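One structure is given below, encoded as structure tokens.
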There are 2 protein chains.
Amino acid sequence: MTRHAAPPARPHAAVGTRERIVRTTSRLMQRQGYEGTGIKQISREADVALSSVYHFFPGGKQELATEAVRHADREFADILHEALAGEDDPAEAIIACTGTLGVHLRGSDWFDGCPITATALETAGRAPDIQQAVAEAFEHWRGIVADKLRQSDIDQDDVLELAHTVINTLEGAELAAQVSRSDEPLRIAGRHLARLINSYRRTETADATTHG
Amino acid sequence: MTRHAAPPARPHAAVGTRERIVRTTSRLMQRQGYEGTGIKQISREADVALSSVYHFFPGGKQELATEAVRHADREFADILHEALAGEDDPAEAIIACTGTLGVHLRGSDWFDGCPITATALETAGRAPDIQQAVAEAFEHWRGIVADKLRQSDIDQDDVLELAHTVINTLEGAELAAQVSRSDEPLRIAGRHLARLINSYRRTETADATTHG
DNA sequence: CTCTGGGTAGAACGTTCGTTCCAGACGCGT
DNA sequence: ACGCGTCTGGAACGAACGTTCTACCCAGAG
């Protein structure tokens, strides 16, 4: 069976088995972390045979988790890219981004925060493959933010460091939003990040929407 | 037995049994999260009988985790308070704070990040007691930062929101530092937070150490 | 048709999980 | 010396963990 095209006559799978495993794993690990997610739960919720999981991922849970992190990487990158593309001004784009994250978070009853943070913390220093995939995801996301910042008149030397803090603050604000079940941390983060970004512009752009 | 005073003639415990359980739990959950930490591992590493754990914490793992989060709250608050007290200027104090966190992190081979983040994410939305303790810890830490910020000429209306972003950015930077095994995210966060804080001052204080 | 190989169903492995139970050891007031 | 409440040692519970294994189904190639 070719895996490129969608198999036409499958009973209940609009998407291939392997992909369904990865998506389910990614979603479950987003909500309950690496240790809290079992292989049998994955096979159950993905409606896939347990043996199929080990067929596609002979490396077991670690290999599957690594692939799930990479999937979450691409998925979150799309969200980020789309949210940032909605505004021309980088500072406004970041604010729009926090808004999008807030909507996602609230819409999932405050469950769906950053898809890899829990897994990252649990496996840091003890599962190099996963840690590597997490590091690449963060770098990927920073790159997307940096690309947006480069569209304005910010010194190139400042862009990369700003991208660091933008991603890190978004991470922290999402965590706080989940814990407090409120999108206020995200809104505050958006305003402060916008102010910080504007402070690095060469030409002063006093913007009414990013005051105090 | 009174629990207020330390029992003098205990065989091998410089600190009481209950306290030793809590400390061990806190340290283990900091490194491997809630799901990754087992009760039997706790009793083993704390050198305490398994039945003693359930004697002191009849509520089981959840009650123990809640107490461990509260312990970590106090411990991290002490670190925060001490680090901030070393500098008069609030912006400089935050930078000193990121330095302290970086030293702690590097000294533990990048294992000891924020003591409650992993637990917070794993239990968000499914263990209200733990989530509540986490929320109180964050609020506590924000209060400490806010107290420091109030010592300068920042508008009172801005202090609370700034404290939000300071804590959130520190959280995100610690995560990034753990994943990348480098204290650069923390140093960047320190500089950006200092710049953000200074931007909220009524009197301009051009400071050579917090430039671009 | 047979042959082949990717995918599946399901049982089973040993280990660990959180939790419960009880008999016994200890300190202390009487 | 006694009784009592506090704490501990150790076994045991059912359930779930990650993983392995074999038999089997079934589409496509020859």
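These numbers come from the heavy atoms of this one structure, side chains and all, not from hydrogens, waters or symmetry mates. Fair warning: this is a prediction, and the values are worked out from it, not measured in the lab.
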Nearest to the side chain of A/Tyr54, which nucleotide is it out of D/dT8, C/dA11, D/dG18?
D/dG18
Is the phosphate of C/dT8 approached by A/Thr17 (side-chain N or O, under 4.0 Å from OP1 or OP2)?
yes
If the cut-off is 4.0 Å, is A/Ser51 near the phosphate of D/dC21, judged by side-chain N/O to OP1 or OP2?
no
Please report, rounded to the nearest Å, how far the P atom of C/dG18 is from the CD atom of B/Glu63.
15 Å
Could you say whether B/Arg44 or A/Ala49 is positioned toward the 5' end of DNA chain C, judged by the nucleotide with the nearest heavy atom to each?
A/Ala49
When rounded to the nearest 0.5 angstrom, what is the spacing between CG in B/Leu64 and CZ in B/Arg18?
9.0 Å
Here the distance between atom P of C/dG6 and atom NE2 of A/His55, to the nearest Å, is 7 Å
Is there a donor-acceptor contact under 3.5 Å from the side chain of B/Glu92 to the main chain of B/Glu87?
no
note: B/Lys61, atom NZ; C/dT16, atom P; distance rounded to Å ~ 15 Å
Ring centre gap for A/His192 and B/Tyr200 strictly below 6.0 Å:
yes
Consider only side-chain N and O atoms of B/Glu136 and B/Gln132, and report whether a donor and an acceptor are under 3.5 Å apart.
yes
For B/Val53 and for A/Pro58, locate the closest nucleotide of DNA chain D by heavy-atom distance; then report the residue assigned to the nucleotide nearer the 5' terminus.
B/Val53
Without decimals, in angstroms, what is the distance between B/Phe57 CZ and C/dT19 P?
13 Å
Rounded to whole angstroms, how far apart are CD on A/Glu35 and P on C/dT16?
14 Å
Determine the contact category for B/Thr37: base if any of its heavy atoms lies under 4.0 Å from a base atom, sugar-phosphate if only primed atoms, P, OP1 or OP2 are that close, otherwise nothing.
sugar-phosphate
Kindly determine whether B/His71 and B/Ser26 satisfy side chain to side chain donor-acceptor pair (under 3.5 Å), including the steps that lead there.
CA-CA 7 Å; B/His71 172 82; B/Ser26 177; 4.7 Å; no
Whole-Å distance, B/Leu50 CG to C/dG18 C1', equals 9 Å
So if I take every side-chain heavy atom of A/Phe56 and compare against C/dT8, D/dT8, D/dG18, which nucleotide ends up nearest?
C/dT8
B/Lys40 NZ to D/dG9 C1', in whole Å, measures 14 Å
A/Ile42 CD1 to D/dA16 P, straight-line distance once rounded to whole Å
16 Å
